[in-house]
Amino acid sequence: MKQMLPPNAKISKEAKETMQECVSEFISFVTSEASDKCRKERRKTINGEDICWALATLGFDDYAAPLRRYLNKYREVEGDNKSSKSRQG
């Protein structure tokens, strides 16, 4: 948060707490939507695709697309890590 402000700007404790509450509420909002989808599909585990779907469904397409790209890159790296570990072991 501080990176977006001028160097001499100060952020009050109250502002930080308010921002944290907003972020927590946003996460709950998105997770709840993803959870509803999983429940309808009779699944118990929310995955990254469910979160991306929930973001897009709730109108946060600007966040969903970059998160999908990140998720794909993460999966590639994890796949590479698992492959190299299996070759070593």
Side-chain angles (χ1 to χ4, degrees):
M1 188 162 95
K2 203 169 185 174
Q3 295 172 357
M4 301 305 292
L5 298 172
N8 60 344
K10 303 253 187 233
I11 304 168
S12 72
K13 182 178 178 182
E14 182 183 6
K16 289 178 186 178
E17 289 172 356
T18 301
M19 190 57 135
Q20 183 60 48
E21 287 176 30
C22 291
V23 168
S24 294
E25 189 63 31
F26 178 76
I27 291 169
S28 294
F29 183 52
V30 173
T31 303
S32 176
E33 189 72 19
S35 179
D36 289 347
K37 177 182 188 278
C38 290
R39 200 169 312 129
K40 288 175 186 171
E41 295 176 359
R42 299 177 191 262
R43 293 187 291 123
K44 293 183 180 181
T45 305
I46 298 171
N47 61 38
E49 290 297 329
D50 298 321
I51 298 296
C52 293
W53 175 89
L55 285 168
T57 299
L58 294 168
F60 296 104
D61 296 312
D62 291 347
Y63 296 102
L67 186 58
R68 268 196 190 91
R69 286 193 301 274
Y70 175 83
L71 183 59
N72 289 333
K73 293 248 186 231
Y74 174 80
R75 287 176 175 164
E76 287 175 17
V77 169
E78 284 298 301
D80 290 346
N81 288 342
K82 286 179 183 177
S83 295
S84 66
K85 285 180 183 178
S86 66
R87 279 185 250 142
Q88 293 173 358

**Q** If I compare all heavy atoms of Gly48 with all of Leu71, which pair ends up nearest, and what's the gap?
**A** C-CD2, 3.6 Å
**Q** Atom CG of Leu67 and atom SG of Cys52: how far apart are they, to the nearest 0.5 Å?
**A** 4.0 Å
**Q** Would you mind checking if Glu49 and Lys37 are paired as a salt bridge, meaning a charged N to carboxylate O distance below 4.0 Å?
**A** no
**Q** Is the backbone N or O of Ser28 less than 3.5 Å from a side-chain atom of Ser32, with the two atoms forming a donor-acceptor pair by type?
**A** no
**Q** Got a second to check how far Glu17's CD is from Cys22's SG, nearest 0.5 Å?
**A** 12.0 Å
**Q** Drop me the distance from Asp36's CG to Glu41's CD, to the nearest 0.5 angstrom.
**A** 11.0 Å
**Q** Kindly compute the distance separating NZ (Lys44) from OG (Ser35), expressed to the nearest 0.5 Å.
**A** 12.5 Å
**Q** What is the distance from atom CG of Leu5 to atom CD1 of Ile11, rounded to the nearest 0.5 Å?
**A** 5.0 Å
**Q** State, to 0.1 Å, how close Ala56 and Ala64 come at their nearest heavy-atom pair, and which atoms those are.
**A** N-CB, 4.0 Å
**Q** Are more than 12 heavy atoms, taken from residues, nucleotides or ligands other than Glu14, located less than 6.0 Å from that residue's CD atom?
**A** no
**Q** Say you draw a straight line from CG of Asp50 to OG1 of Thr31; how long is it, rounded to the nearest 0.5 Å?
**A** 10.5 Å
**Q** Applying the 4.5 Å side-chain criterion to the ILVMFWY set and letting contacts propagate, would Leu58 and Ile27 be lumped into a single cluster?
**A** no
**Q** Please check if Trp53 and Phe60 belong to a single hydrophobic cluster, counting links between Ile, Leu, Val, Met, Phe, Trp and Tyr side chain heavy atoms closer than 4.5 Å.
**A** no
**Q** Quick one: closest heavy-atom pair of Ala34 and Ala54, and the distance?
**A** N-CB, 3.8 Å
**Q** More than 12 heavy atoms of other residues, nucleotides or ligands under 6.0 Å from CZ of Phe26: yes or no?
**A** yes
**Q** Measure across Asp61 and Pro66 and return the closest heavy-atom pair with its distance rounded to 0.1 Å.
**A** O-CD, 4.4 Å
